[in-house]
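Residue numbers begin at 1 in each chain, while the letters A, B, ... track the order of the sequences.
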2 protein chains.
Amino acid sequence: MPIAIPEVVIDRLPVYARALALLERQGRDVVSSQELGEQLGVTPAQIRKDLSYFGRFGKQGRGYNVGRLLAELRQILGLTRDWSMVLVGVGRLGRAIVGYAGFAPQGYRIVEVFDSDPEIVGSNVDGLTVKPVDDLESALRDQKIEIGIVAVPGANAQDVIDKLVAAGVKAILNYAPIAAQVPLDVHVKDIDPVLALQSMTFYVKDQTSPAK
Amino acid sequence: MPIAIPEVVIDRLPVYARALALLERQGRDVVSSQELGEQLGVTPAQIRKDLSYFGRFGKQGRGYNVGRLLAELRQILGLTRDWSMVLVGVGRLGRAIVGYAGFAPQGYRIVEVFDSDPEIVGSNVDGLTVKPVDDLESALRDQKIEIGIVAVPGANAQDVIDKLVAAGVKAILNYAPIAAQVPLDVHVKDIDPVLALQSMTFYVKDQTSPAK
DNA sequence: GTATGTGAACCACTTCACAGCA
DNA sequence: TGCTGTGAAGTGGTTCACATAC
């Protein structure tokens with residue numbers, strides 16, 4: 001096993017990949033860590049060090065080949081394949097997530113949707129039939145689905161997460177306002193705009209308008 | 001000025017506050033850093049150290065009074081007042097954000113919505129009339145609005161962010177897939193489910209199903 | 001007895017600075 | 001000459017461990 005790579009590094013790689021994809025669309029062939037860093041608000045040394053965990057992708061005196069580096073990052077991150085996902089919770093938020101246009105172009109696809117409300121089960125959401133949440137495990141038994149999205153109320157979220165884990169899901173995108181408890185081999189990322197707002201207001205709260 | 005408080009600490013306070021609010025609803029009076037830490041997946045020392053930046057809120061031998069500590073955190077974070085926000089970008093995503101039920105209970109309210117598309121300007125979204133994005137600055141001149149939400153395509157996002165900054169916004173919740181450039185006194189938090197997924201797939205990508 | 005608050009020790013990540021290569 | 005790759009140095013955040021207070 002290679003030396004452990006810090007999680008912060010892994011979190012930055014998709015940001016680099018996104019910037020490189022933009023540069024590629026703009027027709028750029030080469031980019032230096034300097035320039036990439038300026039665009040992303042990151043130091044050039046940070047970028048070089050991060051990349052050095054995985055290989056030597058640059059050329060001294062020139063920089064990085066945009067297409068090559070992007071391909072390497074996509075390989076590292078597992079973006080060269082498509083990923084199927086299940087969504088649990090088909091309320092207002094869940095419906096918005098199903099309809100979110102940002103997933104498909106990046107190879108992420110919601111293939112099953114579940115809910116616990118009998119009123120909703122059986123209904124159709126963007127071409128998918130809502131299944132009862134109790135069927136999660138059996139529905140996933142034969143399909144290779146490693147990603148779950150949780151969009152249920154906080155009170156039910158840990159239960160749903162337990163079910164996803166039991167069904168073999170290894171990555172969870174959690175929109176519920178809870179700190180999920182999961183085994184070490186399961187990864188969770190929280191999407192919570194309220195937490196983001198609450199930490200920003202700390203800095204804003206007592207900025208008075210400057211006296212003219 | 002007190003010694004600078006690390007940003008990671010500020011990011012954790014809302015998580016503590018959320019857990020305390022739950023404990024309070026459950027009728028709990030007192031909680032130890034130990035117990036809180038277990039619920040949140042954080043070490044007790046971390047919690048005590050974080051809180052010590054702001055005061056001495058606990059009682060030795062007992063722990064923290066739930067209501068008291070929650071009130072302190074709300075004070076620290078600026079959650080004792082309501083916050084008005086503007087949203088820019090009234091596409092599918094923007095509409096979902098306007099309709100998101102999680103903001104209001106926490107005191108965050110979208111009071112103005114803007115778009116650049118003449119087809120959309122003038123239409124009604126959840127009781128708000130969509131205004132042209134060029135009116136941002138004048139519309140905000142007299143209102144005290146320090147938070148902006150960006151839900152426009154990546155290609156337009158930096159422009160919109162520049163306009164928000166020019167209009168005096170100090171905190172930006174950014175749903176667009178770009179690394180925003182802002183002055184030091186403006187705070188940005190990105191909400192990007194795709195980045196979250198892309199970093200998780202790194203860990204999941206080559207886990208083969210264990211041989212039975 | 002029990003749990004906080006906090007310097008000190010530790011650890012992890014970031015930045016430096018330069019050798020090495022194109 | 002220009003920019004990468006990387007050990008070494010530096011910085012910042014976390015955890016320890018214990019004096020202190022209830």
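Put simply, CG on B/D50 is 10 Å from C1' on D/dT14, counting in whole angstrom units. At whole-Å resolution of the value, CZ in B/F54 and C1' in C/dT4 are 17 Å apart. Rounded to whole Å, the distance from CZ on B/R56 to C1' on C/dG7 is 13 Å. The OH atom of B/Y53 sits 11 Å away from the P atom of D/dG12 (whole-angstrom rounding). Atom pair A/R12:CZ and C/dT14:C1' shows a separation of 8 Å (rounding to whole Å applied). C/dC13 atom C1' lies 16 Å from atom CD1 of A/I47, rounded to whole Å. The nearest whole Å value for the distance from the CZ atom in A/R68 to the P atom in D/dT4 is 14 Å. The distance between atom CD1 of A/I10 and atom C1' of C/dC13, rounded to the nearest whole Å, is 14 Å.
Of the side-chain N and O atoms in A/Y64, one or more sit less than 4.0 angstrom from OP1 or OP2 of D/dG5. Between C/dT4 and B/S33, a contact under 4.0 Å exists linking OP1 or OP2 to a side-chain N or O.
A donor atom on one side chain and an acceptor atom on the other are not found under 3.5 Å apart for A/Y203 and B/D185. A/R74 and A/T80 form no side-chain donor-acceptor contact under 3.5 Å, judged by distance and modelled atom types alone.
Remark: A/R28 engages A/E35 in a salt bridge, criterion side-chain N to carboxylate O under 4.0 Å.
Proximity note for A/P6 (side chain, C-beta onward) versus D/dG5, C/dC13, C/dA3: the nearest is C/dC13.
Of all heavy-atom pairs spanning B/Q158 and B/A179, the tightest one is OE1-O, 4.3 Å.
Counting heavy atoms from C-beta outward, A/Q198 and B/Y108 have side chains that approach closer than 4.5 Å.
In terms of position along DNA chain C, the nucleotide closest to B/P44 lies nearer the 5' end than the nucleotide closest to the other residue of the pair A/V9 and B/P44. If you find the closest nucleotide of DNA chain C to B/K59 and to A/E7, the one lying nearer the 5' end belongs to B/K59.
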Taking only nitrogen or oxygen atoms into account, show me every contact under 3.5 Å that the protein makes with nucleotides 15-18 of chain D, one pair per line with its distance.
{"unit_1": "D/dT15", "atom_1": "OP2", "unit_2": "B/T43", "atom_2": "OG1", "d": "2.9"}
{"unit_1": "D/dA17", "atom_1": "N6", "unit_2": "B/R48", "atom_2": "NH2", "d": "3.2"}

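Checked by atom type and distance alone, the side chain of A/W83 never pairs as donor or acceptor with a backbone atom of A/I145 at under 3.5 Å.
In this structure, CZ on B/F54 lies 11.5 Å from CG on B/L69, to the nearest 0.5 angstrom.
Judged by distance alone, with hydrogens and angles left aside, B/Q60 brings a side-chain donor or acceptor within reach of the base of D/dT20, the pair sitting under 3.5 Å.
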